[in-house]
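Contents: one structure, followed by commentary.
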Amino acid sequence: MLLDDKQLWESVLVDIELSFPRAIFSMWFKHTEILRQEDGLVYVGVQSEFVKTWLLEKHHKTLLKLLREKSPGTRALEYVVSKNHDVNKKRDIPVPTRREEMENTLPFEGLYINKEDNLNPRYVFDSFVIGSFNELAYAAAQAIIKKPGIVYNPLYVFGDTGHGKTHLIQAIGNALRSSGPSRRIYYVTSEKFLMDYVNALQNNKVNVFKESYRKYDILIMDDVQFLSKKEKTQEELFHLFNHLSDNNKQIVFSSDKHPSYLPDVESRLRSRFSAGMVVEITAPETESRVAILRAKARQLHFEVSDETIGYLSNLPENNIRQLEGILNTIFCQAQLKQRELSLIEIKTLIKDTQKPRKAVSVKEVIKTVATFYHLDEEIIYEKTRRKEVVKPRQLIMYILREDLHVSYPTIGAKLGGRDHTTVIHSCDKVKNDLKTNNELVSEVEQIRLLLK
Amino acid sequence: MKIECVQEKLQSALSKTSRMTGKGNSYPILSCILLEAKNNTLFIRATNLDLGIEIILPAKVEKEGKVAVPGAILAQYIASLSSGRGVLLENIQDNLVITTISGKTTIKCISNEDFPVIPKIPKDISFKIPIEYLTRGLRSVWYSASISTIKPELASVYISVLNGMMYFVATDAFRLAEKRIQVANVPDYKPILVPVKNVGDILRVLEDTQGEVEVAFNENQIALYIESIYVTSRLTDGLFPDYNQIIPKTITTKAILLKNDLVNTLKTATIFSNKFNQSKILIDPEGKKIEIFTKNADVGENNESIPASVTGEIIEMMINYRFLLECFQSIYTDSVSLECSDVKKPIIIRGVGDTSFMYLIMPMNST
């Protein structure tokens with residue numbers, strides 16, 4: 001029978017506990033754990049250098065013997081002072097804090113943002129919930145952390161607002177920094193990049209600007225969609241990009257759109273965005289939302305019933321930020337009332353925070369789709385069978401039917417008096433195409449985004 | 001074990017080591033001091049598993065061996081002896097028997113089997129500096145560290161070396177102290193964080209030592225080698241906030257005044273302070289003065305003004321006078337300068353002509 005790390009170590013500890021006095025056990029063994037095993041080499045995490053030295057000098061043989069008994073493949077044993085341990089905290093006697101004084105003194109602002117790399121240390125992978133909606137992006141991020149600049153360069157993460165793009169890319173930065181403190185990492189929003197560039201232009205210091213960005217080993221740029229129409233800045237980013245990628249420096253971008261759909265961005269920049277790895281973070285599905293809400297509630301030390309979590313996770317909101325906001329509201333109310341809230345109370349409480357679904361008119365759909373495919377709106381209504389018109393027209397019918405639940409005859413009537421059978425055929429055709437044509441899938445998604 | 005050594009040296013070594021023994025009685029072995037006689041040397045060790053110390057004393061060893069003695073009792077007893085004489089220590093069965101010219105004492109011992117090994121940090125990463133630099137640096141800032149351990153990185157003193165300058169910084173997010181000390185021949189190091197509760201103990205060990213200290217560290221542990229003393233402490237694992245960005249860049253008001261005037265006024269303020277330790281401070285360029293106003297609804301109020309040379313705009317803010325008072329232990333000049341930029345931005349305090357020390361305090365809410 002194979003035991004997992006935890007079970008294995010527990011069974012070893014049971015034997016130890018029986019053969020040593022209690023004080024000795026709790027002093028040296030209690031807070032240890034197996035961190036990982038590699039080819040028979042077992043890494044045991046201990047809380048301090050003292051424990052490491054002691055176990056090595058006094059109990060190494062006993063521990064190794066016990067481990068070999070329980071898990072015959074064990075070859076050797078190593079002790080590592082593990083970082084997550086905070087047993088020291090537990091040992092401390094709580095000091096009465098000077099609450100009253102502190103309450104009124106203003107704390108330093110922004111003390112926690114690291115100026116050098118602009119990263120917020122709050123964003124780490126430990127607090128990142130992984131679900132099917134972001135696992136690809138997460139895997140790509142992990143690959144980059146292992147081999148920055150080599151595997152996927154650039155990494156381009158896109159997705160709707162509030163899906164955790166910033167969290168992911170900042171966490172990449174923080175992880176890279178902790179694995180290599182000498183790396184020069186910089187996180188910048190495209191807006192800040194733009195401002196820096198404009199300032200440099202004004203002060204005649206473009207060269208300084210260029211140099212300042214080229215020295216980084218890892219550059220993380222958030223929300224590149226804001227560069228649309230800023231041609232000069234795009235050009236500057238293009239040169240910067242070439243310089244960094246030629247030197248195998250890792251670049252990470254985030255945006256709300258796929259590079260191909262970034263409006264008013266030069267094609268040479270667009271093609272560079274797609275050169276490495278493009279991953280999408282979609283809306284979290286119900287299971288992930290449950291996990292996110294649970295994680296958030298744990299952070300707040302807030303007990304939430306499964307019922308509430310279930311209700312919240314099924315709200316039409318698919319924006320994580322909004323979900324967190326709702327949870328915060330409930331938390332505040334619960335604190336105020338000093339009891340758990342019933343589901344009915346919760347429903348009334350968050351009534352206002354939910355935005356009403358925007359009513360999209362048929363006209364709007366037609367207009368959006370037409371613009372998306374660079375067509376005149378009128379041409380959709382015409383009785384033409386040109387390929388470039390037929391596809392958008394069919395898409396319009398599909399979206400009207402699927403998303404807006406308009407009846408087949410109405411759709412036909414609205415689109416220049418077509419028969420309802422035509423509409424049914426079009427919808428089925430798009431549905432079938434969507435199963436095989438990935439390009440179409442992403443186009444439909446893009447259009448749906450535009451309609452929101 | 002059977003050894004003979006000089007009382008004074010033993011006393012000083014025991015007073016240093018006995019402070020580092022563990023408190024509380026959950027692990028009785030930690031409240032002990034380990035005496036080990038080997039090669040004409042006496043090793044004295046103590047640890048609380050957070051800090052560890054080893055002192056080497058020359059001694060006449062007649063029989064080698066080890067014994068773990070309750071630290072406080074041994075230290076108290078040796079301190080009570082008249083100085084200048086030799087003491088004979090011998091372990092007989094489970095007891096330590098101490099013989100002096102005038103008497104004989106028996107102290108009960110604990111099995112030394114379980115006494116922790118004090119980890120030795122190799123000198124792979126290390127540098128040497130005068131001990132005085134280290135004590136001055138730590139003393140100048142450590143009172144500003146957070147006393148709560150919720151954020152371990154703030155309950156620590158930050159030490160780093162950059163371009164030949166050693167930085168000591170401590171902050172509890174409400175005030176911040178930074179001391180810079182120029183050091184020669186020390187390369188740059190990654191910053192380390194020493195838990196502030198260990199800083200006090202380390203400072204006491206360094207108290208009457210002189211010469212140089214060799215500072216060695218690895219990821220988890222720092223060690224100090226000072227002639228016959230070896231001290232090691234756990235390091236805090238965490239990231240110290242980048243404090244440079246909170247230093248106000250633009251100064252709108254600057255006042256220079258005598259340190260003693262300000263200290264005396266603030267001491268008066270303590271009498272009338274409320275539970276928030278709040279004082280109102282008015283810096284007035286027209287009247288060339290600083291006014292400090294303290295009020296406690298139950299006791300009374302006090303308004304003092306101090307002559308000062310002030311440039312810039314008039315400004316009035318609420319501060320915690322105790323935070324302000326504390327920084328003067330690190331300022332040795334006669335005059336001090338206060339620099340403000342906004343009622344919501346930190347005040348910078350420095351000694352006039354002394355660029356090595358800087359202190360920031362956040363104002364309080366004026367409500």
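All chains are named by letter (A, B, ...) in the order of the sequence lines, taking the proteins before the strands, and each is independently numbered beginning at 1.
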Using a cut-off of under 4.5 Å on heavy-atom pairs, state which of Asp114(B), Leu30(B), Asn274(B), Thr47(B) scores highest against chain A.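 Looking at each option in turn, the highest pair count goes to Asp114(B).
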
Most heavy-atom pairs under 4.5 angstrom with chain A, which of Ile121(B), Leu360(B), Thr232(B)?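 Top count of heavy-atom pairs under 4.5 Å with chain A: Leu360(B).
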
Heavy-atom distance under 4.5 Å to chain A: side chain of [X], backbone, both or neither?
X: Ser146(B); value: neither
X: Ile319(B); value: neither
X: Pro346(B); value: side chain
X: Ile247(B); value: neither
X: Asn218(B); value: side chain

Charged N-O contact under 4.0 Å between Asp50(B) and Lys197(B):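 A salt bridge is present here (some side-chain N lies under 4.0 Å from a carboxylate O).
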
Do you see a donor-acceptor pair shorter than 3.5 Å between the side chains of Ser273(B) and Tyr321(B)?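 Yes - a donor-acceptor pair under 3.5 Å links their side chains.
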
Taking atom types as modelled and ignoring hydrogens, do the side chains of Asp217(A) and Gln250(A) form a donor-acceptor contact shorter than 3.5 angstrom?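 There is no such pair between these side chains.
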
Using the side-chain hydrogen bond (donor to acceptor under 3.5 Å, both in side chains) rule, take Asn320(B) and Gln278(B) through it: C-alpha gap first, then chi angles, then the decisive distance, then the call. CA-CA 5 Å; Asn320(B) 183 329; Gln278(B) 193 178 52; over 6 Å; no

Those residues that, when tested against Tyr225(B), pass ring pair (Phe, Tyr, Trp, His ring centres under 6.0 Å) (two or more places apart):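 Ring pair (Phe, Tyr, Trp, His ring centres under 6.0 Å) check on Tyr225(B) returns Tyr230(B).
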
Side chain from CB out, backbone as N, CA, C, O: work out which of these in [X] comes under 4.5 Å of a heavy atom of chain B, or both, or neither.
X: Ser26(A); value: both
X: Lys58(A); value: side chain
X: Glu57(A); value: side chain

Please assess Tyr359(B) against Arg175(B) for the test side-chain hydrogen bond (donor to acceptor under 3.5 Å, both in side chains), listing each intermediate value before the final yes or no. CA-CA 7 Å; Tyr359(B) 191 74; Arg175(B) 37 65 183 277; 2.9 Å; yes

Locate the shortest heavy-atom distance separating Thr236(B) from Pro152(B); write the atom from each residue and the value.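 Looking at all heavy atoms of both residues, the closest pair is CG2-O, 3.4 Å.
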
